[in-house]
Amino acid sequence: MSTNSFKFAGGRNSGAKNWYMQRITGILLVVVLIGHYILMHATPESGHTYKAVMDRLHQPAWKVIDMAFVTLGLWHGLNGLWNVIRDYEMKPIMTTVLYTVLVLIALVFWFIGLNTILSF
Amino acid sequence: MSLQNSTSKFNRWLDVMFRYRKHTGSWAWILHRFTGIGLTLYILVHIIALTGLLKGEAAFNEEMKLFSSPVFLFAEWFLGILVMFHAINGIRIVLVDLGNGARYHKQILVFVYILTVILVAGMGYLIFAHV
Amino acid sequence: MIHKHDLLIVGAGLAGLRAGVETSKYHDVAILSKLFPTRSHSGAAQGGIAAALGNEEHDTVEWHIFDSVKGSDYLGDQDAITMMCSEAPDAIYELEHMGVPFSRTKDGKIAQRQFGGHTKEVKDEQGNIKRLPVIRACYAADRTGHVLLHTLYEQCVKNNVRFYSEYFVLSLIIRDGVCRGLTAFNLRDGQIHTFHAKAVMFGTGGYGRAFRVTSNAYANSGDGVAIAFRAGIPLEDMEFVQFHPTGLYPLGILVTEGARGEGGYLKNRNGDRFMKEYAPTVMELAPRDMVTRSIQTEINEGRGIDGKDFVNLDLTHIGAAKLKERLPEITGFAKTYAGIDPVKQPIPILPTAHYSMGGIPVTLKGEVLADEKGNTVTGFYAAGECACVSVHGANRLGTNSLLDAVIHGRRTGKTLVEFLRTAELSPMPEDAEDNDKKIFADLYDTKKGENCDKIRVRLKEEMMNKCGVFRNEKDLNSMLDTIHELKSMYKNVAMMDKSKVFNTEMQEIFELRNLLEFSDAIVTGALARQECRGAHWRTDHPTRDDVNWLKHSIAFKTEKGIELKYKPVIITKYQPQERKY
Amino acid sequence: MKVTLNIRRFNPEKDEKPYRKDYEIDVPETFRILDCLDKVKWDIDGELAYRRSCSHGICGSDAMMINGKNMLACQVLVKDFKKKYITIDPIPSLPVIKDLIVNMDSFFKKYEVVKPYLISKEQPPVKERLQSQADRELIDEAVNCILCGACSASCPSLWSNENYLGPAAMLKAYRFIFDSRDDAADERLDIVDTTDGLWRCHTIFNCVEVCPKEINLTWHISQMKKKCAMREL
Ligand SMILES: Cc1cc2nc3c(=O)[nH]c(=O)nc-3n(C[C@H](O)[C@H](O)[C@H](O)COP(=O)(O)OP(=O)(O)OC[C@H]3O[C@@H](n4cnc5c(N)ncnc54)[C@H](O)[C@@H]3O)c2cc1C
Ligand code: HEM
Ligand code: SF4
Ligand code: F3S
Ligand code: FES
């Protein structure tokens with residue numbers, strides 16, 4: 001006869017933090033991301049020449065905004081991927097491996113991103 | 001036993017995903033998920049691409065020439081579809097969980113689609129007006 | 001395969017589950033049901049459950065008793081009715097404590113509404129006593145049965161009751177007057193299982209499925225009643241089958257009496273509220289049998305809407321808001337099945353076979369009676385619609401049957417707790433499964449024969465026409481012939497499906513066997529009873545006859561056919577009077 | 001009216017794999033899909049297996065996937081369909097036992113996991129506990145669930161993860177968490193506040209589309225998400 005493999009993991013293992021961080025970062029990103037995207041295309045130069053980029057990057061306010069963008073984007077995006085991964089049943093070891101990979105990607109790219117911004 | 005019983009979990013999942021009717025909410029979810037994954041991959045690529053700034057003005061501008069070509073501008077416009085839809089639908093998802101949002105998700109979704117189309121069209125104008 | 005438990009409860013409706021909650025605290029209880037428990041037909045009950053709580057207006061247990069006695073057309077046993085009505089308030093509070101989400105009054109008490117046949121005593125200016133409708137039925141919108149059923153199931157889950165769902169009970173094993181268990185077939189594997197226990201309780205529900213137009217579920221095929229009958233247990237008052245006045249045309253899906261309780265009107269083709277001709281004081285809130293006959297008379301005399309066989313139930317004056325709050329479910333039914341919106345249009349309705357007053361005779365404690373003299377069968381119990389206590393007599397009042405199921409489920413549970421403390425397991429006979437095995441083998445062997453559906457369709461059609469709201473000797477005689485003919489056809493029934501797993505066709509064949517079994521008892525009883533009483537209306541004997549017929553009929557299955565005996569009605573306080581409203 | 005039912009058949013004793021078969025029948029347009037199935041079973045193929053009982057959408061036996069959407073066969077009429085070629089499958093993601101009958105054990109196990117019964121730590125009063133109409137209103141939708149399983153079987157999150165409790169079980173949790181008479185809200189929140197609970201719901205709304213009792217499950221799930229999120233702050 002057919003099997004029913006449902007097992008309840010049990011125990012409080014909240015995804016609540018994860019959930020509202022996804023929402024908070026998302027809402028903040030609306031401003032930063034859409035702003036960024038529009039700005040980059042506002043004039044043909046704004047996003048595509050060294051000079052235009054440099055002009056902005058030398059202002060501290062823009063530095064902060066760009067750093068926030070990298071941070072929020074990575075957090076939200078990789079946390080999002082983590083959410084997607086959790087939707088699929090897999091062996092616990094697999095989950096741990098994937099989680100580690102995501103955290104590593106986050107750290108590495110965060111470092112690369114900040115490095116670029118802070119170099120100027 | 002039946003397809004629902006015997007084949008691998010993945011196949012069963014695919015099978016159901018294809019056979020089951022897609023309601024408005026399903027489409028929104030599928031689009032949100034794909035755009036989210038797409039944007040995440042893009043942001044990674046983007047971060048790498050910008051390390052070009054470190055190589056100095058000449059090298060960076062050389063790279064950017066490539067990105068200023070019509071093909072790439074088009075690609076960037078397409079990116080805008082992902083950005084706009086994901087962002088606006090993201091707001092909808094937040095609204096759904098607030099107050100009585102869950103009772104109006106369909107109405108909000110209509111707004112999301114309309115707003116996305118308007119914004120994407122506007123961006124198209126911005127991007128291509130200069131070409 | 002043999003399973004052993006202290007107690008087997010067959011049926012997971014209100015009666016079975018209530019007994020389960022009571023007994024499972026102390027004993028090893030298993031509940032068998034051919035449906036998953038929450039699929040039982042108790043869940044379809046809409047209107048309410050009666051108890052003189054007096055939450056909305058002054059009410060007394062005494063009035064409830066009187067109404068039930070009068071409603072039963074004086075055939076109800078008054079000791080049983082007194083007991084039921086007195087225990088009612090407590091039983092309702094207990095249900096609330098278990099978690100039943102009743103609708104609430106403004107001050108947070110259990111909400112109540114009016115229902116047919118439930119009245120209060122008021123004095124008019126001249127000092128004459130009049131009886132007017134009273135607010136007595138506790139409800140949860142129009143989903144009362146649903147919330148009761150689910151709450152009781154939840155309590156059973158809490159008490160870790162062992163459920164055998166989708167097991168179809170085939171026969172009782174009674175030897176030397178002692179019940180030892182039963183056999184059932186498991187729909188999932190198609191095997192016969194034997195259950196061995198110290199006691200068996202039946203709560204298998206009603207048998208409206210013997211009629212073409214019915215509010216009952218497919219599952220209400222009177223299995224318990226027929227199984228007991230085959231095992232040598234007599235059946236009481238089988239001729240009394242209640243037809244509910246308002247079934248949705250044409251299928252017979254129930255439109256709760258609560259719709260009239262909330263103020264709905266019945267109208268014929270001329271737009272007249274015809275109930276003023278039949279029951280001037282209570283109008284639409286007369287007891288069911290009266291309203292049903294009034295509607296049927298209107299239809300028969302050509303005053304149905306457009307001359308067809310239905311009249312209108314008009315709720316349009318009640319208003320959208322109240323309908324949404326109090327009667328959401330039937331609003332939905334009307335939209336889905338009749339394509340009409342009760343806020344704007346009247347609902348087409350016709351009488352529909354609804355409730356079986358008769359059944360397995362039991363004592364007040366739930367013990368099954370072996371004969372008309374009061375001897376009981378050891379270890380066999382019954383409660384709910386399949387049993388006959390008799391609290392409903394010749395006609396049940398609306399909302400009294402949920403009460404019956406809950407009260408007697410509880411009482412029987414209590415009896416069982418005591419019985420099981422001392423009871424021993426009687427040995428299981430070797431040949432317990434033999435008969436069922438043989439029937440199984442035959443069904444799998446037969447290649448060609450009668451179609452089960454053809455037999456059933458004819459039975460239902462003819463029961464409706466000849467043994468329905470109005471009956472007479474000629475029709476009943478011809479119905480008896482039909483049943484005998486159908487029974488012999490049934491002997492050659494062929495099963496198309498030869499598989500084991502979920503052989504639902506086999507289930508239908510067994511259900512048909514049961515339908516034929518008890519229909520015979522209904523018709524035989526109806527033919528013998530030459531009077532009109534409650535739901536039993538003989539056009540050829542159009543009056544109540546207390547001299548000859550104020551008695552319960554008890555049907556025995558014998559070699560030669562059905563033999564009828566009678567036993568007296570227990571009358572304590574209320575002498576029979578003419579029944580006028 | 002001529003209707004063709006295209007039914008997904010499977011008999012574990014004979015068939016290796018499920019297959020589809022067409023049945024042409026002639027029925028009145030007021031027939032329910034359930035009546036059509038009955039007609040096929042009684043007139044054409046007695047082997048066809050499906051569950052049913054009440055026949056008017058209250059027992060929850062006959063949830064099945066009709067034209068790619070879960071619904072109760074007894075709650076849709078033939079005339080509700082524009083095209084008279086109607087496909088019928090068992091509800092997805094649960095193991096098929098035979099034809100349209102699925103094994104619902106895991107569905108009910110999930111139901112039991114959320115402690116689906118009133119837990120009251122105080123001795124009840126002699127009469128009923130009082131509950132205001134506003135408090136009763138909070139659970140008004142949730143108590144209507146008939147456990148048909150249509151919602152859970154329509155949820156993409158559940159298709160990809162069998163351990164997800166699913167909307168029906170969580171609705172049951174809601175029914176008790178928000179019942180003013182219940183004292184075990186925190187216990188139950190602990191149960192749904194898990195990776196296999198609330199957080200697998202991505203507000204896809206398939207459950208809401210199919211619920212025959214028109215319960216807005218997502219709304220109820222959202223209320224619990226908010227409660228849990230507040231708890232963490
Ligand atoms: C549409 C409708 C509306 C109603 N509304 C009201 C109302 O408003 N107020 C009121 O007081 N009464 C009402 N009634 C009547 C009332 O609902 C029933 O009398 C009562 O619910 C019967 O409960 P029960 O426990 O005896 O049987 P049921 O709830 O019918 O349960 C029978 C059980 O027995 C099981 N069973 C049957 N045969 C077998 C077998 N062979 N093997 C194994 N298991 C078996 C079934 O699976 C089921 O679990 C209504 C009835 C109907 C049909
Ligand atoms: C601009 C504003 C944005 C908003 C308002 C937003 C909002 C959201 C929300 C609310 C979710 C949760 C969905 C759920 O729980 O079901 C989400 C998921 C996700 N987002 Fe965003 N987001 C934004 C931008 C981005 C960006 C820039 C990226 C890429 C880096 C991204 C990647 C993702 C991913 C991968 C997911 C997971 C998808 C899923 O669970 O189906 N989002 N987003
Ligand atoms: S919530 Fe609706 S769809 Fe889900 S099980 Fe309950 S009634 Fe069925
Ligand atoms: S379909 Fe599933 S994801 Fe949530 S909204 Fe319904 S439970
Ligand atoms: S048969 Fe009961 S819900 Fe359809």
Side-chain angles (χ1 to χ4, degrees), chain B residues 1-40 82 85-113, chain D residues 8-13 15-20 65-71 87 89-99 101-103 141 153-162 198 201-210 215-226 228-229:
Chain B
M1 291 193 112
S2 92
L3 195 57
Q4 282 187 14
N5 302 357
S6 64
T7 46
S8 78
K9 271 189 182 154
F10 182 74
N11 281 352
R12 256 166 8 188
W13 174 74
L14 261 190
D15 177 55
V16 180
M17 279 303 270
F18 276 113
R19 277 187 319 154
Y20 200 84
R21 195 187 304 172
K22 307 282 175 298
H23 301 288
T24 40
S26 315
W27 281 123
W29 167 68
I30 293 170
L31 290 175
H32 194 81
R33 179 151 285 192
F34 279 123
T35 52
I37 295 174
L39 286 175
T40 309
L82 304 195
F85 177 80
H86 189 93
I88 300 166
N89 191 49
I91 298 173
R92 170 184 149 270
I93 297 175
V94 173
L95 288 179
V96 158
D97 287 331
L98 287 177
N100 276 341
R103 306 217 183 264
Y104 304 103
H105 74 109
K106 281 195 183 168
Q107 288 91 323
I108 309 179
L109 191 58
V110 173
F111 267 105
V112 171
Y113 285 131
Chain D
R8 187 176 164 108
R9 301 293 308 269
F10 172 68
N11 179 345
E13 291 160 66
D15 307 325
E16 292 266 297
K17 276 205 304 195
Y19 59 98
R20 312 197 67 90
M65 182 166 133
I66 302 173
N67 277 357
K69 177 181 174 188
N70 292 350
M71 43 184 119
T87 63
D89 297 39
I91 48 174
S93 86
L94 291 162
V96 175
I97 297 177
K98 182 179 177 184
D99 294 339
I101 296 182
V102 294
N103 184 337
E141 245 181 290
S154 77
C155 174
S157 288
L158 200 136
W159 299 338
S160 57
N161 185 348
E162 270 187 80
L198 291 175
C201 170
H202 301 290
T203 58
I204 302 172
F205 285 96
N206 270 10
C207 51
V208 182
E209 297 281 347
V210 302
I215 301 170
N216 191 322
L217 292 115
T218 317
W219 183 85
H220 291 84
I221 293 172
S222 289
Q223 304 308 307
M224 289 187 288
K225 281 182 181 165
K226 274 184 289 195
C228 291

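Reminder, nothing fancy here: chain letters follow the sequence lines and each chain counts from 1. Just so you know, these numbers come straight off a predicted model, no measurement behind them.
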| field | Heavy-atom neighbours of D:Tyr19 OH exceed 12 at 6.0 Å | value |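 Correct, the count exceeds 12.
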
| said: Rounded to the nearest 0.5 Å, what separates atom CE in D:Met224 from atom CG in B:Asp97? | reply: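 If I round to the nearest 0.5 Å, the distance is 11.5 Å.
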
| From B:Asn100 CG over to D:Ser222 OG, what is the distance, rounded to the nearest 0.5 angstrom? |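 Separation between the atoms: 10.0 Å.
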
| message | Between B:Lys106 and chain D, with a heavy-atom cut-off of 4.5 Å, which part of the residue counts as in contact: side chain, backbone, both or neither? | response |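 For B:Lys106, the side chain is the part near chain D, not the backbone.
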
With a 4.5 angstrom heavy-atom cut-off, could you sort out which part of [X] is near chain B: side chain, backbone, both or neither?
| X | value |
| --- | --- |
| D:Ile66 | backbone |
| D:Val208 | neither |
| D:Lys69 | both |

Heavy-atom closest contact ([X] atom, [Y] atom, distance):
| X | Y | result |
| --- | --- | --- |
| D:Asn216 | B:Ala102 | ND2-O, 3.1 Å |
| D:Asn206 | B:Ser26 | OD1-OG, 2.7 Å |
| D:Pro156 | B:Met17 | CB-SD, 4.5 Å |
| B:Arg19 | D:Asp89 | NH1-OD2, 2.7 Å |
| B:Tyr20 | D:Ser154 | OH-CB, 3.3 Å |
| D:Thr203 | B:Arg92 | O-NH2, 4.4 Å |

| task | Give the intermediate values and the outcome of side-chain contact (heavy atoms from CB on, under 4.5 Å) for residues D:Phe205 and B:His23. | result | CA-CA 8 Å; D:Phe205 285 96; B:His23 301 288; over 6 Å; no

| message | Please check: side-chain N/O of B:Arg21 versus main-chain N/O of D:Asn67, any donor-acceptor pairing under 3.5 Å? | response |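 Checked: pair present.
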
| said: Would you say that B:Thr24 contacts D:Glu209 through its side chain, given a criterion of any heavy-atom pair below 4.5 Å between the two side chains? | reply: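 Yes, at least one pair of side-chain atoms sits under 4.5 Å.
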
| task | Could I get the full list of side chain to side chain contact (heavy atoms under 4.5 Å, CB included) partners for D:His202, not counting sequence neighbours? | result |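 Checked D:His202 against side chain to side chain contact (heavy atoms under 4.5 Å, CB included); matches are A:Asp87, B:Trp29, B:Arg33, D:Ser157, D:Arg200, D:Ile204.
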
| query | Listed by chain and number, what are the side chain to side chain contact (heavy atoms under 4.5 Å, CB included) partners of B:Thr35, not counting sequence neighbours? | reply |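 If we apply the side chain to side chain contact (heavy atoms under 4.5 Å, CB included) test to B:Thr35, skipping adjacent residues, the hits are B:Leu82, B:Phe85, B:His86.
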
